[in-house]
Amino acid sequence: MPHLAAVGPSDGLSRAARTGEECPAGDEPVRGAVRLERRKEILRQRREELGLSQEDLAARLRISVRAYGNWERGLVKEWTDRKLLALAEALEMSERQCFWLFRVMVDRDPPPTWRAAQGSRLPEDPAQRDYLRDYAALMEAVPYPSFLVDHRWDVALTNSAFDQLFQTVRPHPTALPDDNFLRFVLFHPDAAAVLEDHEPAWCVPLLAQFATALAADPEDQGLRSIRQEVARDPFMEAAYRYGVPHWLSTYGAEAAERDGAVLAVRHPDPRWGLVRCRMVSEHGRMLDAMGLTRITLVLSAPQGLPADRGGAGLPRQSAARLRAVPPLGE
């Protein structure tokens with residue numbers, strides 16, 4: 001039985017909710033059972049992603065452990081706005097995750113007055129917060145998709161170019177590209193539409209990096225949660241247990257390094273289309289202190305194709321050059 005992370009978010013809604021059509025009466029019991037399972041999964045998966053127990057969530061909600069256990073098992077008479085908003089806050093959900101929570105639970109949007117708490121992933125240290133605010137301005141000046149991630153691939157900052165690259169990605173409870181990039185690559189049904197050669201070029205190297213991170217910190221709750229989710233997906237489990245070791249023995253551990261990797265993405269802007277990109281990973285003293293790494297996807301035309309392929313009207317970047325290296329033709 002497929003689990004929630006392997007199912008597109010529109011599949012979590014009934015046909016009637018998506019189109020306004022009435023579903024055949026015989027379909028309702030089946031759809032109701034599927035929906036109930038997805039309601040259970042969305043709460044449990046997010047809780048495990050945060051490394052929290054049912055006792056922890058109950059304490060955050062100020063209800064009994066038994067009451068929260070009933071919530072997670074779907075034993076709720078009515079999902080009121082108050083309950084769902086309390087859950088969204090307790091589970092540290094972003095605005096888009098809260099939207100998806102409401103769509104799965106009650107087939108409607110959250111109240112328009114609700115907004116996710118801003119800066120929930122920002123550090124408490126004022127100097128670090130100020131640094132990240134300035135760093136966000138620096139990232140915004142970069143024309144290529146750029147984002148900050150921690151060792152769990154939780155995303156701390158993105159720029160507009162990153163948001164544009166993934167603008168067609170549908171809502172998902174646990175695998176949005178600007179929430180956790182690893183989960184997006186492995187579990188979001190739209191990932192293959194943006195990331196070219198999705199399985200061999202993106203999934204396997206990231207699984208190899210994940211295996212290294214988990215081996216270095218096996219007690220990390222966030223990493224363990226991802227490992228549990230991989231185990232529930234037969235395809236990803238096989239890739240993790242057998243595919244990654246074979247791939248590493250063939251290409252070497254250095255092939256899993258993200259810095260310098262040459263990949264391809266399919267940009268939703270038709271002026272870009274299918275485009276080659278180089279992954280550039282950067283560190284710094286302040287970023288290292290916060291446990292963050294900056295990753296930039298430097299886009300360029302695929303090798304062997306004209307640089308302006310489908311690129312009429314795109315802003316052209318002046319070619320950078322090293323002073324110690326003469327330009328071609330000299």
Side-chain angles (χ1 to χ4, degrees), residues 3-5 7-23 27-122 154-155 163 167 169-180 183-184 187-190 225 229:
H3 63 281
L4 182 61
V7 178
S10 62
D11 295 333
L13 308 177
S14 67
R15 183 176 62 188
R18 296 196 307 270
T19 66
E21 300 175 4
E22 293 187 2
C23 296
D27 288 352
E28 287 306 320
V30 175
R31 293 180 184 277
V34 172
R35 164 161 295 186
L36 179 60
E37 289 302 313
R38 288 172 179 163
R39 285 171 174 169
K40 296 176 185 177
E41 285 289 288
I42 190 175
L43 300 185
R44 180 186 57 75
Q45 286 184 4
R46 181 59 179 170
R47 174 175 60 78
E48 292 179 352
E49 180 183 345
L50 296 173
L52 300 174
S53 65
Q54 289 193 359
E55 290 78 8
D56 295 329
L57 256 294
R60 289 189 177 191
L61 293 164
R62 297 182 180 180
I63 61 177
S64 68
V65 177
R66 180 177 180 181
Y68 177 74
N70 287 337
W71 286 22
E72 197 163 295
R73 290 192 295 272
L75 304 178
V76 178
K77 283 187 177 180
E78 180 185 6
W79 284 111
T80 63
D81 284 358
R82 182 178 179 181
K83 288 179 181 177
L84 291 174
L85 291 177
L87 270 175
E89 292 290 349
L91 292 169
E92 302 176 20
M93 287 186 164
S94 66
E95 187 171 343
R96 281 194 287 178
Q97 286 175 321
C98 182
F99 169 85
W100 177 228
L101 175 71
F102 268 75
R103 296 306 299 178
V104 169
M105 296 297 194
V106 291
D107 271 349
R108 56 182 170 80
D109 296 348
T113 55
W114 183 86
R115 291 294 182 271
Q118 295 297 316
S120 60
R121 290 184 179 169
L122 291 177
D154 283 337
V155 178
D163 298 336
Q167 65 184 346
V169 171
R170 296 169 292 173
H172 191 283
T174 65
L176 287 170
D178 57 358
D179 284 326
N180 185 285
R183 287 178 179 273
F184 167 73
F187 303 120
H188 200 298
D190 293 343
S225 174
E229 196 164 346

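Both backbone and side-chain heavy atoms feed into the values below; hydrogens, waters and symmetry mates do not.
- Between atom CD of residue Glu49 and atom CD of residue Glu229 there is a gap of 7.5 Å, rounded to the nearest 0.5 Å.
- Applying the salt bridge (Lys or Arg N to Asp or Glu O under 4.0 Å) test to pairs two or more places apart or on separate chains, those with a residue in residues 50-70 are Arg60-Glu92.
- Looking at residues two or more places apart in sequence or on another chain, you find no salt bridge (charged side-chain N to carboxylate O under 4.0 Å, His left out) involving Asp163.
- The line from CG of Leu101 to CG of Leu91 is 7.5 Å long, rounded to the nearest 0.5 Å.
- When every heavy atom of Ala90 is checked against every heavy atom of Leu52, the shortest pair comes out as O-CD1, 4.5 Å.
- We find that Asp179 and Arg46 are not joined by a salt bridge, their nearest charged nitrogen and carboxylate oxygen being 4.0 Å or further apart.
- Between Phe184 and Asp178 the shortest side-chain heavy-atom distance does not fall below 4.5 Å.
- Here CE of Met93 is found 9.5 Å from CG of Leu84. Values are rounded to the nearest 0.5 Å.
- Trp100 is not listed as a side-chain neighbour of Leu176, based on a closest heavy-atom distance of 4.5 Å or more.
- Here the CG-NZ distance, from Leu61 to Lys83, works out to 11.0 Å after rounding to the nearest 0.5 Å.
- Distance check, rounded to the nearest 0.5 Å: SG of Cys98 to CD of Glu89 gives 8.0 Å.
- Here the closest heavy-atom approach between residue Pro177 and residue Val155 is recorded as O-CG2, 3.4 Å.
- Across all non-hydrogen atoms, the minimal contact from Leu43 to Trp71 is CD1-O, 3.7 Å.
- In this structure, CZ in Arg108 is found 12.5 Å from CH2 in Trp79, a value given to the nearest 0.5 Å.
- Residue pairs meeting the ring pair (Phe, Tyr, Trp, His ring centres under 6.0 Å) criterion with at least one member in residues 39-70, sequence neighbours excluded, do not occur.
- By the side-chain contact (heavy atoms from CB on, under 4.5 Å) test, Ala59 is found to be paired with no residue, residues two or more places apart in sequence or in another chain being considered.
- Scored by the side chain to side chain donor-acceptor pair (under 3.5 Å) test, Gln54 finds Glu72 as partners (sequence neighbours excluded).
- The residue from Glu48, Arg47, Arg183, Gln45 that alone fulfils the side chain to side chain donor-acceptor pair (under 3.5 Å) condition with Ser225 is Arg183.
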